[in-house]
Amino acid sequence: VGAALTAHPLVAGVLFTGSTEVARHIQRALAKRLGADGAPIPLIAETGGQNALIVDSSALAEQVVADVIASAFDSAGQRCSAARVLCLQEDIADRTIAMLRAAMAELKIGSPDRLSTDIGPVISMEAKRNLEGHIAAMRERGFPVHAPSLPEDCEDGVFVAPTLIEIDAVGDLTREVFGPVLHVLRYRRDGLAPLLDQINSSGYGLTGGAHSRIDATIALISEGLSVGNIYINRNIIGAVVGSQPFGGHALSGTGPKAGGPLYLKRLLGAAPADWPPLSESQRPSALRELVAWLADSGRDGLARRCGEVAAHSRLGAAIEMPGPVGERNLYRLGSCGTALCHAASDETAIVQLACAFATGNRAALGGPAGIKLFETLPARLREETALADEATSGDVVMTDAEGEALLALLAKVAAREGPIVSVHALSRAGFDRGEIWPCDFLLIEQSVTINTTAAGGNASLMSIG
């Protein structure tokens, strides 16, 4: 049914929540056709996460335990934002694990229609078998496993007891485990930066959080954790509409965030700019150098057009969102990594390059025009640019291809494994009318939520914004 629905010509856009695998199937189905305007069909997908909660030795242990229990075991762990990995500074690990095990013993497992129940069943017998298989495999690999016994009246249903598994590294997990299973690892204080690299290398980028009363630690985690939603000194589930736009990137989704200012824009062919443009001093140096090179080469029209691209970039934009007393919410935009510029003409290749630079991204040049342009760039701009294979390169793609050529590019991008990559097309006619590629979608969105009532109000947005 899903395949037939996404293939139907009246479907002009798809919004999906579920697994990365199903989202990839939808992307590949949509890649076989174009919309009525000749552009790719928009896909907004929100998928899973290997969500980590990092706790240092300054954190309040009782608050940590309460927030971990809620993050890992509410809804039987069947939330895309649920905590999957708890990272404890080794100095407080033994005590915190002991408190967690005691709290887990108090959880009531049973039918969700009873007010006394804390943890209900998982979604299906297949899910139960998968979870039990994972727990057994981890035990076989020698990882310590702790779980309370199931009540007698739950032994024949699709119940899984809340489970704690101690692991050595994030890499010990190869996929998301969707259920009431929490993996715990210990880290040294001087190993926090490598730990962030481990978490980011999982490929997921949905939610994460930190418990700390040290501003420098909060700043390091908030800036270093590559996820869509970050929560400080609170649980990491339950994003609030209007306060915490929700969604991730890489293996965790395509963006834009649900409830964020870019969501509806993704479904529009064109949308008015509504945020202030970047000032001259805010523009990335690579963009300024590109404009100067064009002007020095006597290509004043292209230089002006590339300068105007900055008016469509929201790089570094930040909005403080409304929220309850005792909580602060920041929505901000940053570069996504590498933008593939796939162009048939020299002019469109140059403007695509400007869009990539204006949004703080590294550019990858593909297509015949891109390869030719790369050979003519000054040495400084080559440092920010690479030649690319459109089948494998880029965290996001821009193209001026149309018709069959556009469909061929969509098929190549959709055939990739890993993150689902969006393709943004602007026809030659649109380019000639002066339209600009949608720069907002060359950025990554992030929501940072801070419980300011914790830690004596120490944590402040000033330290991370």
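Just so it is clear, the values below take in all heavy atoms, side chains as well, and ignore hydrogens, waters and symmetry mates.
Panel note: side chain Q244, backbone V240; a donor-acceptor pair is recorded below 3.5 Å. Judged by distance alone, the side chain of S252 and the main-chain N or O of G205 form a donor-acceptor pair under 3.5 Å. Under a 3.5 Å cut-off, the side chain of H211 and the backbone N or O of A59 do not form any donor-acceptor pair. Side-chain N or O atoms of T47 include one that pairs as donor or acceptor with a backbone N or O of G253 at under 3.5 Å. Listed for the R24 side chain is no donor-acceptor partner under 3.5 Å among the backbone atoms of A414. In this structure, Y204 contributes its side chain and G248 its backbone to no donor-acceptor pair below 3.5 Å. Panel note: side chain T254, backbone A45; a donor-acceptor pair is recorded below 3.5 Å. Under a 3.5 Å cut-off, the side chain of R84 and the backbone N or O of A52 do not form any donor-acceptor pair. No donor-acceptor distance shorter than 3.5 angstrom exists from the side chain of R33 to the backbone of L407, with no hydrogens or angles considered. The main-chain N or O of S212 is never found under 3.5 Å from a side-chain atom of T217 such that the two would form a donor-acceptor pair.
Annotation: the span from N361 atom CG to C355 atom SG amounts to 10.5 Å, rounded to 0.5 Å. Atom CD1 of I214 sits about 11.0 Å away from atom CG of L220, to the nearest 0.5 Å. In this structure, Q89 CD and S57 OG are separated by 3.5 Å, a value rounded to the nearest 0.5 Å. With rounding to the nearest 0.5 angstrom, the CZ atom of R28 is 12.5 Å from the CG atom of L43. Here the straight-line distance linking atom CD1 of I232 with atom OG1 of T449 works out to 9.0 Å at 0.5 Å rounding. Atom OG in S345 sits 8.5 Å away from atom CD1 in I350 (nearest 0.5 Å).
Pairing each heavy atom of M138 with each of L173, the nearest pair is CE-CD2, 4.0 Å. Taking all atoms of both residues into account, the shortest heavy-atom contact from A356 to L442 is N-CD1, 4.3 Å. Residues L365 and L340 come closest through the heavy atom pair C-CD1, 4.4 Å. Here the closest heavy-atom approach between residue T376 and residue R382 is recorded as N-NH2, 4.3 Å. Taking each heavy atom of A303 and A295 in turn, the nearest pair found is CB-N, 3.9 Å. In terms of heavy atoms, L387 sits closest to G370 at CD2-O, 4.4 Å.
With no hydrogens or angles considered, a side-chain donor-acceptor pair links S226 and H249 at under 3.5 Å. E445 and Y331 form a side-chain donor-acceptor contact under 3.5 Å, judged by distance and modelled atom types alone.
Counting heavy atoms from C-beta outward, L185 and L195 have side chains that approach closer than 4.5 Å. Here the side chains of F246 and L206 are in contact, with some heavy-atom distance below 4.5 Å. Side-chain contact between T359 and S335: absent, with no pair of heavy atoms (C-beta onward) separated by less than 4.5 Å. Residues P256 and I44 have side chains in contact (heavy-atom distance under 4.5 Å, counting atoms from C-beta outward). Put simply, the side chain of V309 does not reach to within 4.5 Å of the side chain of W437, judged on heavy atoms. In this structure, D168 and F143 have side chains that are in contact, with non-hydrogen atoms separated by less than 4.5 Å. In this structure, the side chains of I97 and V184 come closer than 4.5 Å at one or more pairs of heavy atoms. At least one side-chain heavy atom of C306 sits less than 4.5 Å from a side-chain heavy atom of L294.
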Could you give me the CA-CA distance, side-chain angles and deciding distance for N329 and E327, then say whether side-chain hydrogen bond (donor to acceptor under 3.5 Å, both in side chains) is met? CA-CA 7 Å; N329 294 283; E327 182 176 274; 3.3 Å; yes
May I have the step-by-step check of side-chain hydrogen bond (donor to acceptor under 3.5 Å, both in side chains) for Q446 and R332, ending in yes or no? CA-CA 5 Å; Q446 191 173 67; R332 62 191 183 190; 2.7 Å; yes
Assess the residue pair L182 and F73 against the criterion (side chain to side chain contact (heavy atoms under 4.5 Å, CB included)); give the C-alpha distance rounded to whole Å, side-chain angles, the decisive distance to 0.1 Å, and a yes or no. CA-CA 8 Å; L182 178 66; F73 303 130; 4.1 Å; yes
Criterion side chain to side chain contact (heavy atoms under 4.5 Å, CB included) on K32 and L410, from CA distance to verdict: CA-CA 8 Å; K32 296 177 181 178; L410 290 174; over 6 Å; no
Side chain to side chain contact (heavy atoms under 4.5 Å, CB included) evaluation trace for R283 with L315: CA-CA 9 Å; R283 296 178 185 182; L315 178 64; over 6 Å; no
Should I237 and Y231 be marked as a side chain to side chain contact (heavy atoms under 4.5 Å, CB included) after you check the CA-CA gap, both sets of side-chain angles, and the distance that decides it? CA-CA 9 Å; I237 59 173; Y231 300 94; over 6 Å; no
Test side-chain hydrogen bond (donor to acceptor under 3.5 Å, both in side chains) applied to D400 and T348, step by step: CA-CA 7 Å; D400 62 354; T348 52; 2.7 Å; yes
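Listed by chain and residue number, E289, E383, E384 satisfy the salt bridge (charged side-chain N to carboxylate O under 4.0 Å, His left out) test with R380 (two or more places apart in sequence, or in another chain). S75 pairs by the side chain to side chain donor-acceptor pair (under 3.5 Å) definition with R79, not counting sequence neighbours. E402 pairs by the salt bridge (charged side-chain N to carboxylate O under 4.0 Å, His left out) definition with nothing, not counting sequence neighbours. For D432, the side chain to side chain donor-acceptor pair (under 3.5 Å) test picks out R428, with sequence neighbours left out.
Listed by first and then second residue, the side-chain hydrogen bond (donor to acceptor under 3.5 Å, both in side chains) pairs that reach into residues 291-305 are R299-D346, sequence neighbours excluded. Every pair passing salt bridge (Lys or Arg N to Asp or Glu O under 4.0 Å) that includes a residue from residues 182-192 is listed here, sequence neighbours excluded: D56-R189, E90-R188, D94-R186, E166-R186, R188-D190.
For E46 and K257, the salt-bridge test fails: no basic side-chain N is under 4.0 Å from an acidic carboxylate O.
For an aromatic pair to be called close, the ring centres must be under 6.0 Å apart, and H342 with H424 fails this.
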